[in-house]
Amino acid sequence: MSRIKSASPQSLPFTQSGSSPPIPTQYTKSLGPQTLAIHAGLAPDPATGAILTPIYQTATFAQPALGKTISPDGHTYSRCSNPTVTALENNLAGLEGVSHGLAFKTGLAAITTLLLTVLKPGDHVVAGEVIYGGTVRLLRDLLGGFGVLVTFVDTTDLAATEAAFRPSTKLLFVETPANPTLAICDLAELGKLAKAARVLFAVDNTFLTSVQQPVFVHGADVAVLSTTKYVEGHDSTTGGALLTDDPKLNERLALTRSATGSIQAPMDAWLTLRGIKTLPLRLAAHSASALSIAKLLEAHPSVGAVHYPGLESFPGFELANAQQSAGGGILAFELDPRILPRFVESLRLITLAENLGATESLITHPASMTHSQIPPATRQRLGIGEGLLRLSVGLEDIDDLVRDLQGALVIACGSEVQA
Ligand SMILES: *Cc1c(COP(=O)(O)O)cnc(C)c1O
């Protein structure tokens, strides 16, 4: 205790940065995304000058007196808050241009916290019908058991979405581009519908992040991120975030997080902070390569439909152009199901796996992998057929990726000729 009393305030961590981001909000709005990714909400460690926020690998914090904390951020116990996690939250909020962020162990932990905070038994949710499978399972199977009702609807159809609202609807939850069909829903119009119905509007922005798709300008109340994907971007952590401009909602969300114990771990928060420093650069590179590959596949005689928001032939192209700054790093395409197994087995560089948004290119067969829980007839209706492949375009050299895809197509098509 004596050491704490004798330490000068200047030598203690966070006496300068405090709980608010060091860069004032009006200034952050004029900075570019790459600058914000590196600097927003961050300052050299006041205790040591360390340029990166240290990993505060501690469960608890000494308190100088009853009801007092050393840091103005009020850290007492790392289930409630931790300086490394707070730095990540300030950085994510600064990048998004909102006042508050909360970081979680996984994307689904973030979504669970949102749902437990804003819903009670008897409440109704309108959710997109093509959203992350884990979100569907959570809403339908888990919260359904606690008396929450959910209607899954085609959120690209505004009339159908509006018709799904009931007096008990409390939340509109959407994802755009949708996984794995890349279907685009109109955030501005959905935001208006939610506002008119006094329904909270949450957007899962994992695919593009605020760097390529700002959602608060369209009326979102909460942005959801699985930082496991592009935000951390190196397949090294799982994590999630909730961002909002509403201090009261943020306080309620933080309470639920403390009550359920789903905060991000300091080490993972630090790795995520490091990942974010290159997020805009990485997203630009992912998107440029994805567009090249989408064009190549579209021109290939053995490839069926190619779904990519940056292709003019894509039904959501104009809408994507209006609300996204790029097409993103994910595309989907159709192959004859008879040649598809040979194709994925013949890829040398691109790996068959279930994740997306990392440096390595990954290919997924949604029907048998990520979306296998959905009954085949529903899958077919949603456009997730046996021939659909989802490609998360990584950061390898584009020429190498192109050679890999072309080589595998040659082998797979050869197998068709022989068959
Ligand atoms: C992966 C993902 C999630 C879930 O995130 P986890 O970190 O795996 O829990 C939620 N939404 C989308 C769009 C995702 O891709």
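Counting convention: from 1, in listed order, for ligands and their atoms alike. Treat the numbers as computed from the prediction; the structure is a model and nothing was measured.
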Regarding ligand 1, does Thr228 bring an N or O atom to under 3.5 Å of one of the ligand's N or O atoms? yes

Which protein non-hydrogen atom lies closest to atom 6 (P) of ligand 1, naming both residue and atom, and how far is it? Gly107 N, 3.4 Å

Would you say ligand 1 has an N or O under 3.5 Å from any N or O of Phe207? no

Taking a cutoff of less than 4.0 Å between a non-hydrogen atom of the residue and any ligand atom, is Gly239 in contact with ligand 1? yes

Heavy-atom neighbours of Gln57 CD exceed 12 at 6.0 Å: yes

Heavy-atom proximity to atom 11 (N) of ligand 1 ranks first, among Ile111, Thr106, Asp204, for Asp204

Heavy atoms, side chains only, cut-off 4.5 Å: are Asp186 and Gln323 in contact? yes

For atom 9 (O) of ligand 1, closest protein heavy-atom neighbour: Leu108 N, 2.9 Å

May I ask you to say whether Arg390 pairs ionically with Glu334, meaning some side-chain N is under 4.0 Å from a carboxylate O? no

Shortest protein contact, atom 4 (C) of ligand 1 (heavy atom only): Tyr132 CE2, 3.4 Å

Regarding ligand 1, does Thr135 bring an N or O atom to under 3.5 Å of one of the ligand's N or O atoms? no

Note: ligand 1 atoms sitting under 4.0 Å from heavy atoms of Lys229 are 1 (C), 2 (C), 3 (C), 14 (C), 15 (O)

N-O pairing of Asp336 and Arg338 below 4.0 Å: yes

In this structure, atom 5 (O) of ligand 1 is nearest to the protein heavy atom Ser226 OG, 2.9 Å

Give the numbers and elements of all ligand 1 atoms closer than 4.0 Å to a heavy atom of Glu175. 13 (C)

Smallest separation among heavy atoms of Leu119 and Leu171, with atom names: CD2-CB, 4.3 Å

Asp245 side chain to Ser99 side chain, donor-acceptor N/O pair below 3.5 angstrom: yes

Tell me if the centroids of the rings in His307 and Phe333 come within less than 6.0 Å of each other. no

Consider only side-chain N and O atoms of Glu298 and Ser313, and report whether a donor and an acceptor are under 3.5 Å apart. yes

Under 4.0 Å, heavy-atom basis, I'd like to know which part of Thr206 is in contact with ligand 1: side chain, backbone, both or neither. side chain

Looking only at distances, please establish whether an N/O atom of ligand 1 is found under 3.5 Å from an N/O atom of Asn179. no

Would you call Glu232 and Arg274 a salt bridge, taking side-chain N to carboxylate O under 4.0 Å as the test? no

